[in-house]
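So that the names make sense, note that chain A is the first sequence line, chain B the second, and so on, each numbered from 1. Predicted model, so just to flag it, every value in this text is computed and none were measured.
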Amino acid sequence: MRRPLPRSFYARPTVEVARDLLGKIILHGEASGRIVETEAYLGIDDAAAHTARGITDRTRVIFGPPGHAYVYLIYGMHECLNLVAEPEGVAGCVLIRAIEPVSGIAGATNGPGKLTQALGITRRHNGCDVTRGPIVVSALPKVEPFEIGVSKRIGITKSADLPLRFYVKGNPFVSRK
DNA sequence: GCTATGATCATA
DNA sequence: ATGATCATAGCA
């Protein structure tokens, strides 16, 4: 039941991965939740992405093999979880913006900084393989159909008008309507 | 070495 | 609308 999504799932265009991640389950230890909101960050032609200026110590993992976690600290206090997409050598990652609690969740999960807190994910998990653990992403055996909404990304100043945010329409746990 | 800035959130 | 708080990046 909790078989991880294969690496081939992530080795695709970032936008496809971002959209298909909706409805998937992310788990860490006892905690788990259903992904209801994501954002795509492209490697090229995307000034908002951390990879816009190439490989650095921080962005190295995003250029690495797909299916790995990219976790970083923002505003000196919040950790954000991303999943690396695209084949190795190509930059692209998906920010997990909100999850719907499934089990073992304490606290709110309707925001990038909040869900990492609730799942117990920190920068120590940067670079870990999401097809192996300790953080795992898997598909649900049975999926209820849902509508996908698209909008501009939230909280960025560059390339702010691109429609790269995806969310489960009507879900109460998305960070915004 | 120094400084500006940021993929956020809670509070007011 | 603002403040908290610090790692990263760009530059001197």
Atom [atom1] of [X] and atom [atom2] of [N]: how far apart are they, to the nearest Å?
X      : N     : atom1 : atom2 : answer
A:L95  : B:dA7 : CG    : C1'   : 5 Å
A:L21  : B:dA7 : CG    : C1'   : 16 Å
A:R176 : B:dC9 : CZ    : C1'   : 13 Å
A:K152 : B:dA7 : NZ    : P     : 17 Å
A:Y70  : C:dT8 : OH    : P     : 9 Å
A:Y75  : C:dT2 : OH    : P     : 15 Å

Centres of the A:Y41 and A:H50 rings: under 6.0 Å? no
May I ask you to say whether A:E39 pairs ionically with A:R153, meaning some side-chain N is under 4.0 Å from a carboxylate O? no
Does a side-chain heavy-atom distance below 4.5 Å link [X] with [Y]?
X     : Y     : answer
A:Y72 : A:N82 : yes
A:T14 : A:V94 : yes
A:L95 : A:C80 : yes

Kindly indicate whether the side chain of A:Y72 and the base of C:dA7 share any N or O donor-acceptor pair separated by less than 3.5 Å?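 Counting by modelled atom types and ignoring angles, no donor-acceptor contact under 3.5 Å is found here.
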Protein-nucleotides 9-11 of chain C N/O pairs closer than 3.5 Å?
unit_1: C:dA9; atom_1: OP1; unit_2: A:T56; atom_2: OG1; d: 2.5
unit_1: C:dG10; atom_1: OP1; unit_2: A:R53; atom_2: NH1; d: 3.1

Cation-pi, A:F63 ring and A:R60 (6.0 angstrom, 45 degrees): no
Within 45° of the axis and under 6.0 Å from the centre of the six-membered ring of A:F9, does NZ or CZ of A:R7 qualify? no
Partner of C:dC11 by Watson-Crick or G-U wobble geometry, both contacts under 3.5 Å, or none?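 Paired with C:dC11, as far as the under-3.5 Å criterion goes, is B:dG1.
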Taking a pair as Watson-Crick or G-U wobble with both distances under 3.5 Å, which nucleotide is matched to B:dA12? none
CD of A:E79 to CD1 of A:I74: how many Å apart, nearest 0.5 Å?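 Result: 11.0 Å between the selected atoms.
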Search all heavy atoms of A:I99 against all heavy atoms of A:F173 and return the closest pair with its distance. O-CB, 3.7 Å
Check DNA chain B against residues 107-127 of chain A and give the residues with a non-hydrogen atom under 4.0 Å, in numerical order. A:G111, A:P112, A:G113, A:K114
Heavy atoms under 4.0 Å, any strand shown: does A:I156 hit a base, just sugar-phosphate, or nothing? sugar-phosphate
